[in-house]
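Quick notes on the structure that follows.
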Amino acid sequence: MTDKVRTRFAPSPTGEPHIGNAHSALFGWLFARHNHGVFILRIEDTDVERKVEGSVEKILEGLRYLGMDWDEGPEVGGNYGPYFQSDRLDLYHKYARELVESGHAYHCYCTEERLEAMRAEQTSRKLPPGYDRRCRNLTPEQGETEERKGIKPVVRFKVPLYGQTRFHDEIWGNISFENNTIDDLILLKTDGFPTYHLANVVDDHFMEVTHVLRAEEWLSSTPRHILIYNALGWTPPLFAHLPMLIGPDRSKLGKRHGATSVLEYREQGYLPEAMVNFLALLGWSLDDKTEIMTREELIRYFTLERVSKTAAVFNHEKLKWMNGVYIRKLTPEDFAQRCLPFLKKAFPDIALPNDYVRRVLPLVQERAKILFEVPGLTRYFFTDKLDYDANLLIGKGMTAETTRQALLVAKERLEKLPAFDEQSLEALLRPLTEELGIKAGQLFGALRTAVSGETATPPLFQMMAVLGRERCLERIGDAIQRLSSLPGK
RNA sequence: GCCCCCAUCGUCUAGAGGCCUAGGACAGCAGCCUUUCAAGCUGCCGACAGGGAUUCGAAUUCCCUUGGGGGCACCA
């Protein structure tokens with residue numbers, strides 16, 4: 001045995017990597033890193049029915065996106081493999097057999113139909129559903145009779161009829177269950193695969209996992225696991241059940257609450273550092289004020305003592321805010337790098353010259369909350385045709401005609417402006433408002449819309465400077481046209 | 001129905017008997033800044049689920065009630 005901390009993340013490949021799983025994984029990862037321990041990734045693919053092709057890759061992608069590296073597991077190997085449960089069936093069979101031989105487990109021949117009927121009956125009589133232990137005391141002869149009928153048995157664990165099972169949870173404290181409320185769970189299914197309970201115990205034991213960090217939903221199956229450890233003569237690891245992530249209605253986080261796949265967040269342009277920071281703060285806190293923390297700080301400060309017991313609502317609003325914080329902290333170059341894929345995807349047929357893109361992007365960096373909205377915020381920098389309602393050109397207290405006149409004069413002056421940069425533009429346009437006898441907002445608003453087709457944009461002079469003289473003049477000319485042909489004007 | 005838990009602003013949380021007329025953050029609202037939108041700044045709104053008990057003193061300890069969650073599969 002080693003005294004080094006070893007934790008694991010043990011997802012089952014049944015679909016998109018769930019944000020709730022990512023949360024648990026993160027806590028396990030932070031705990032391992034904080035303690036200079038080992039973070040193991042184990043794939044629990046024991047449910048043939050629910051297995052979804054390609055989900056292992058997605059799980060790995062999700063972890064990579066969030067920057068959670070694993071020391072042992074798929075792709076990296078390790079001394080405790082294999083790390084796919086489907087490659088460890090012999091091991092599970094061995095210990096299932098051992099449990100049967102030692103009298104801790106038995107073969108059960110009950111059909112699924114019978115079990116279902118039994119449960120329905122129990123539920124209708126308002127009794128707790130559970131196996132009635134019909135096969136618990138079958139004689140060898142009775143067993144053989146069933147076998148001859150061609151019925152394949154499952155292996156069930158013989159839960160003690162009396163007494164209680166206690167354990168200590170690092171977060172919840174001491175928990176105790178009456179054994180008579182636990183039914184004889186299945187260890188080995190008829191298809192030869194183990195259930196979670198057996199596989200989990202066997203693997204955590206042989207992989208020398210020291211701390212099992214998993215979501216609270218597992219709390220009530222922990223006594224079963226303890227019982228199995230004991231029956232096998234093994235020392236259980238330490239358990240720490242983590243608060244669950246729930247939706248705004250306080251139920252288990254699901255599709256109807258919005259995006260649940262980690263990869264969806266990547267596609268929407270949530271920065272991994274923001275995701276990690278946000279997730280860490282769901283059920284854990286450092287103190288009464290610190291919220292923005294780097295990955296290194298999270299690792300340094302993360303302890304189980306500061307993990308809470310109450311489920312946390314996944315608040316998209318706050319995530320968005322935090323993502324904005326991280327976006328603003330990026331260097332312009334880094335921001336550009338991260339935006340590029342989103343721009344390319346949104347404007348597949350438009351050239352994105354390097355230096356131009358790098359002049360455009362800083363203009364929206366503090367305005368974007370998620371990367372996905374960057375193309376929308378910068379559209380007019382890349383497209384030629386603007387699509388907007390000409391009435392938007394006309395500001396408060398202006399008419400189509402006064403607006404047109406103002407634009408006409410502005411265009412004229414802009415053509416003659418020696419340098420088309422921010423300072424020159426301001427030096428020209430600011431005094432022009434006085435000359436025209438209109439307010440700054442009236443002229444700037446008209447120009448803003450003319451040049452971008454939008455009413456909310458980055459500062460006008462910066463925007464125009466980046467767009468360039470040619471494009472600006474062209475668009476102002478177009479705006480003048482639109483004003484001239486406005487009906488009723 | 002049974003078992004195991006949980007309980008501070010709408011949400012994430014600080015609080016481990018006096019530091020609490022309960023702190024921070026998101027959201028909301030108001031204002032400032034300002035050519036628009038953001039960002040930023042200032043302020044406001046806003047919670048200890050209820051009831052007992054212990055104590056000089058309880059958000060903090062204990063009990064009950066209420067509310068909420070999780071589990072009770074040949075799923076994990």
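Within 3.5 Å, no donor on the side chain of A:Thr457 pairs with an acceptor on the base of B:C37, nor the reverse.
Counting to the nearest Å, the P atom of B:U13 and the CG atom of A:Asp288 are 15 Å from each other. Atoms CD1 (A:Ile59) and P (B:A76) sit 14 Å apart, rounded to a whole Å. The separation between A:Trp284 atom CH2 and B:C12 atom P is 17 Å, rounded to whole Å. Atom NZ of A:Lys289 and atom C1' of B:C26 are 17 Å apart (whole Å). One can place CD of A:Gln365 at 15 Å from C1' of B:G40, the figure rounded to the nearest angstrom. If you measure from atom CZ of A:Arg367 to atom C1' of B:C37, you get 6 Å, rounded to the nearest angstrom. Taking atom NE2 of residue A:His241 and atom P of nucleotide B:C3, one finds them 20 Å apart after rounding to whole Å. Rounded to an integer number of Å, the gap from NE2 of A:His225 to P of B:G71 is 13 Å.
At B:A76, none of the side-chain N or O atoms of A:Arg214 fall inside 4.0 Å of OP1 or OP2 (strictly under the cut-off). Listed pair A:Lys189 / B:A76 meets the phosphate criterion, a side-chain N or O lying under 4.0 Å from OP1 or OP2. An OP1 or OP2 oxygen of B:G71 is reached within less than 4.0 angstrom by a side-chain nitrogen or oxygen of A:Lys252. Residue A:Arg119 places no side-chain N or O under 4.0 Å from the OP1 or OP2 atom of B:G1. For A:Ser285, a side-chain nitrogen or oxygen approaches OP1 or OP2 of B:A14 to under 4.0 Å. For A:Arg250, no side-chain nitrogen or oxygen approaches OP1 or OP2 of B:C6 to under 4.0 Å.
Looking at heavy-atom distances under 4.0 Å, A:Pro459 makes contact with a base. At the heavy-atom level, A:Thr310 lies under 4.0 Å from the strands shown only through sugar-phosphate atoms. Among the heavy atoms of the strands, none lies under 4.0 Å from A:Lys439. Among the atoms of the strands shown, only primed sugar atoms or phosphate atoms (P, OP1, OP2) are found under 4.0 Å from some heavy atom of A:Thr46. A:Glu317 comes within contact range of the sugar-phosphate backbone alone, with a heavy-atom separation under 4.0 Å but no base atom that close. If you check every strand for non-hydrogen atoms under 4.0 Å, A:Glu44 touches sugar and phosphate atoms only. At a threshold of 4.0 angstrom between heavy atoms, the contacts of A:Val313 are confined to the sugar-phosphate backbone, with no base atom among them. Nucleic acid contact class of A:Leu460 (heavy atoms, under 4.0 Å, all strands): base. When heavy atoms are screened at a 4.0 angstrom cut-off, A:Arg306 is found touching the sugar-phosphate backbone but no base atom. Within the nucleic acid shown, A:Met322 has no heavy atom closer than 4.0 Å to any nucleic acid atom. Counting any heavy atom pair closer than 4.0 Å across all strands shown, A:Thr455 reaches a base atom. A:Gly324 comes within 4.0 angstrom of no nucleic acid atom, judged by non-hydrogen atoms across all strands. Within the nucleic acid shown, A:Pro458 comes within 4.0 Å of at least one base atom, counting heavy atoms only. Within 4.0 Å of A:Ser176, counting heavy atoms only, lie sugar-phosphate atoms of the nucleic acid but no base atom.
A 3.5 Å limit on both hydrogen-bonding distances identifies no Watson-Crick or G-U partner for B:A16. Pair assignment for B:C2: B:G71, on the basis of Watson-Crick or G-U wobble contacts that are both within less than 3.5 Å. Checking B:C45 for Watson-Crick or G-U wobble geometry (two distances, each under 3.5 Å) identifies no partner in any strand. Partner assigned to B:G57 is none, using Watson-Crick or G-U wobble distances below 3.5 angstrom. Of the nucleotides present, B:G10 is the one that pairs with B:C26 by Watson-Crick or G-U wobble criteria, both distances under 3.5 Å.
Comparing the same atom, P, in B:U21 and in B:G40 gives a spacing of 32 Å after rounding to whole Å. Straight-line distance between the C1' atoms of B:G71 and B:C62: roughly 27 Å, to the nearest whole Å. Between the P atoms of B:A47 and B:A22, the separation comes to 10 Å (whole Å). A distance of about 27 Å separates the P atoms of B:U61 and B:A25, rounded to the whole Å. Across the P atoms, B:A16 and B:G23 are found 14 Å apart, a figure rounded to whole Å. Rounded to a whole angstrom, the distance from the P atom of B:C4 to that of B:A27 is 42 Å. B:C56 sits 38 Å from B:G68 when the P atoms are compared, rounded to a whole Å. B:U60 and B:C48: their P atoms are spaced 12 Å apart (whole Å).
Nearest-nucleotide assignment on RNA chain B puts the 5′-proximal partner with A:Ile175, out of A:Cys110 and A:Ile175. Residue order along RNA chain B, read from the 5' end via each residue's closest nucleotide, puts A:Lys126 first among A:Lys126 and A:Pro153.
Of the candidates B:C12, B:U36, B:G71, B:U36 carries the atom nearest the A:Ala456 side chain, counting heavy atoms from C-beta on. You'll find that the side chain of A:Glu291 is closest to B:C12, out of B:C12, B:A73, B:U36. Nearest to the side-chain atoms of A:Lys369 among the listed nucleotides B:A38, B:U13, B:C74 stands B:A38. Picking from B:C26, B:C74, B:G71 the nucleotide with the shortest atom distance to the side chain of A:Trp321 gives B:C26. Distances were taken from every side-chain heavy atom of A:Ala440 (C-beta onward) to each of B:U35, B:A38, B:A39; the shortest belongs to B:U35. Picking from B:A39, B:C5, B:A76 the nucleotide with the shortest atom distance to the side chain of A:Arg328 gives B:A39. Closest to the side chain of A:Arg50, out of B:U13, B:A76, B:C6, is B:A76.
Between A:Tyr388 and A:Tyr380, the distance from one ring center to the other does not fall under 6.0 angstrom. Side-chain rings of A:Trp70 and A:Phe9 stay apart, their centers remaining 6.0 Å or farther from each other.
Within 6.0 Å of the CD atom in A:Glu49, the count of heavy atoms belonging to other residues, nucleotides or ligands does not exceed 12. For A:Lys396, the NZ atom counts as loosely surrounded, since its 6.0 Å shell holds 12 or fewer non-hydrogen atoms of other residues, nucleotides or ligands. Around the CZ atom of A:Arg328, the shell of radius 6.0 Å holds more than 12 heavy atoms that belong to other residues, nucleotides or ligands.
Ion pair A:Arg125/A:Glu121 flagged as a salt bridge, since at least one NZ, NE, NH1 or NH2 atom sits closer than 4.0 Å to an Asp/Glu carboxylate oxygen. In summary, A:Glu273 and A:Arg338 engage in a salt bridge, as defined by a charged side-chain N under 4.0 Å from a carboxylate O.
Exactly one residue among A:Arg224, A:Arg136, A:Arg156 makes a salt bridge (charged side-chain N to carboxylate O under 4.0 Å, His left out) with A:Asp184. That residue is A:Arg136.
Using bins of under 30°, 30° to 60° and over 60° for the plane-to-plane angle, the ring pair A:His225/A:His197 lands in the tilted bin.
Partners of A:Arg359 according to the salt bridge (charged side-chain N to carboxylate O under 4.0 Å, His left out) rule, which considers only residues two or more places apart in sequence or in another chain, do not exist here.
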